[in-house]
There are 2 protein chains.
Amino acid sequence: MPKLDLSALIAEAGGRHRTATEFVEATLRTAILTGRLRGGTPLRQEDLAASFGVSRMPIREALRQLEAQALLDFVPHKGAVVTDISATDAADIYAIRLALEPAVLERSIPHLTRADFERAGDLIAEMDGEEDPGRMGELNRRFHMTLYGAAGRPKLIALTENYLASFDRYLRFQLAAKGRSHLSQDEHRDMLAAAEHRDARRAVEILRHHIGAAADNIAAFFAGQE
Amino acid sequence: MPKLDLSALIAEAGGRHRTATEFVEATLRTAILTGRLRGGTPLRQEDLAASFGVSRMPIREALRQLEAQALLDFVPHKGAVVTDISATDAADIYAIRLALEPAVLERSIPHLTRADFERAGDLIAEMDGEEDPGRMGELNRRFHMTLYGAAGRPKLIALTENYLASFDRYLRFQLAAKGRSHLSQDEHRDMLAAAEHRDARRAVEILRHHIGAAADNIAAFFAGQE
DNA sequence: CAATTGTCTATTGGATCCAATTATGCCACG
DNA sequence: CGTGGCATAATTGGATCCAATAGACAATTG
């Protein structure tokens, strides 16, 4: 009997993957990033295999990949434990975002198109009416990535997206703590406006503040919970 | 009969690893990063298993981790091929370094100690007399990391080191093309001096130029080779 | 009654085995 | 002589099996 209930995740992930390993890896990653798997949770290969209906082999390969992405640690005879989120880690990820995102945005702004601006605007509008924190994080991520997408540096963009997603893990706690969050929609609007005017300097300035505010919220959350 | 000769690598890597998987992963990564395994080389699981004297299982897990680090791609029925280095990739990694390293250096400078400065100075001196490109890259990396080490953000530092190492792959070609390289030793000295005076602004400025110069060299190399 | 030790079980790391898929090479035929 | 199709071999993805190790729990002894 599996102790983990991933059936919902497995069902919604659908079958759009070449190999079982890829499927397992994608499903587990979203499970961790969306907070459905909490930090510290030990993942037993046997249980996962039962949940996914495959043998332990693809599970092991998927876990290795997630380990390489620093989403979990291998502890001998204890299982792969989901890396815990801590105040220092949050500060770390914040520092990384602060280093990457302004650089990406600056490169991207000159090449953004009318269509990009419209998509970004639509996403802001969608966030206005959103209540679900999980969906909110998703929309927020897509908004940011839309503005970064024209930077023309695929690896840089992929790296940025990766840490943006990691940040979502922390953000989720913040959202849960504050009830509904507005995620600084004003700043989203200002940033988009600056981008439309091709004012990279101002857009970057807003973005820095935006990221900083999110980090402060998380820090406050950690400070208040202990 | 294995078609790949990794015996030298395997011997020098020594046995300081907990599991076979970790050993294989570490050995293959240095083989790729040091250029001993060229881009485009297909890695057959069977051959690797024979070379390492283990079964295909730890090989597969190690390959998965390397795939997650973007060092190779899985191609069905062809093997895991070492990701090729290209001009656009080099530009990508350069952009990432340019985003990360100034941020790390700025954070680190206030906390560097006398001992750090001495180690950095020793490394510069060692580079002066070094002829071997491989060893040169190693020293260069350690010099940079010494200056970054006090930033107090482990994840940020690890990420930076990772891309610094990736850059070495490209640098190696540059060194090979130019014969002996000086790797801008003057800039190394200036950067260290600025750090000792806790002049973060100036140190960052030199670093930006330093990274940019390396990128230009690589770009020129790619432009000249086609 | 507590501490220590020994055994037993849970869990992972590694090996071998099987199936599916695709690249390759050969042969026939135009 | 070139081309296309078929058969075979090579290679990976996945399953099952075995071994080693650490942790838990109980029994025994001081």
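Order of the sequence lines sets the chain letters (A, B, ...), proteins ahead of strands, with each chain counted from 1. Computed from heavy atoms alone, side chains included, the values below leave out hydrogens, waters and symmetry copies.
- Within the 4.0 Å cut-off from OP1 or OP2 of D/dG13, not a single side-chain nitrogen or oxygen of A/Thr21 is found.
- The side chain of B/Thr19 has C/dG14 as its nearest neighbour among D/dT16, C/dG14, C/dT12.
- B/Lys78 has its NZ atom 23 Å from the P atom of C/dA20, to the nearest Å.
- If you check C/dG13, D/dG13, C/dA15 against the side chain of B/Val54, the one that comes closest is C/dA15.
- Scanning atom types as modelled, no donor and acceptor separated by under 3.5 angstrom connect the side chain of B/Arg60 and the base of C/dG14.
- The residues B/Glu138 and B/Arg135 are annotated as not salt-bridged, no charged nitrogen and carboxylate oxygen being separated by less than 4.0 angstrom.
- Of the candidate nucleotides C/dG14, D/dA15, C/dC17, D/dA15 has the atom lying nearest to any side-chain atom of A/Pro58.
- Counting to the nearest Å, the P atom of C/dT16 and the CD atom of B/Glu46 are 11 Å from each other.
- Ring geometry, A/His210 versus A/His144: the interplanar angle falls under 30°, so the pair is classed parallel (tilted spans 30 to 60°).
- A straight line from CZ of B/Phe52 to P of C/dA15 spans 13 Å, rounded to a whole angstrom.
- Formation of a donor-acceptor pair under 3.5 Å by the A/Thr160 side chain with backbone atoms of A/Glu101 is not found in this model.
- With no hydrogens or angles considered, no side-chain donor-acceptor pair links B/Asp116 and B/His111 at under 3.5 Å.
- When distances are taken from the side chain of B/Arg56 to each of C/dT12, C/dG14, D/dT12, the shortest belongs to D/dT12.
- Computed from coordinates, the A/Phe74 CZ to C/dT12 P distance equals 9 Å when rounded to whole Å.
- In this entry the distance linking CD of A/Gln65 with P of D/dG13 reads 11 Å, nearest Å.
- Ranking D/dA15, C/dG13, C/dC17 by closeness to the B/Met57 side chain, first place goes to D/dA15.
- In this structure, B/Arg44 atom CZ and C/dA23 atom C1' are separated by 10 Å, rounded to whole Å.
- A cation-pi arrangement is present between A/Arg64 and A/Phe74 under the rule of less than 6.0 angstrom and at most 45 degrees off the ring axis.
- Rounded to an integer number of Å, the gap from CD of B/Glu61 to P of D/dT12 is 16 Å.
- If you measure from atom CZ of A/Arg64 to atom C1' of D/dG13, you get 18 Å, rounded to the nearest angstrom.
- Dashed line: the shortest gap from a side-chain N or O of B/Gln45 to OP1 or OP2 of D/dA10 is not under 4.0 Å.
- In the interface, the side chain of B/His77 is paired with the base of C/dT21 through a donor and an acceptor atom under 3.5 Å apart.
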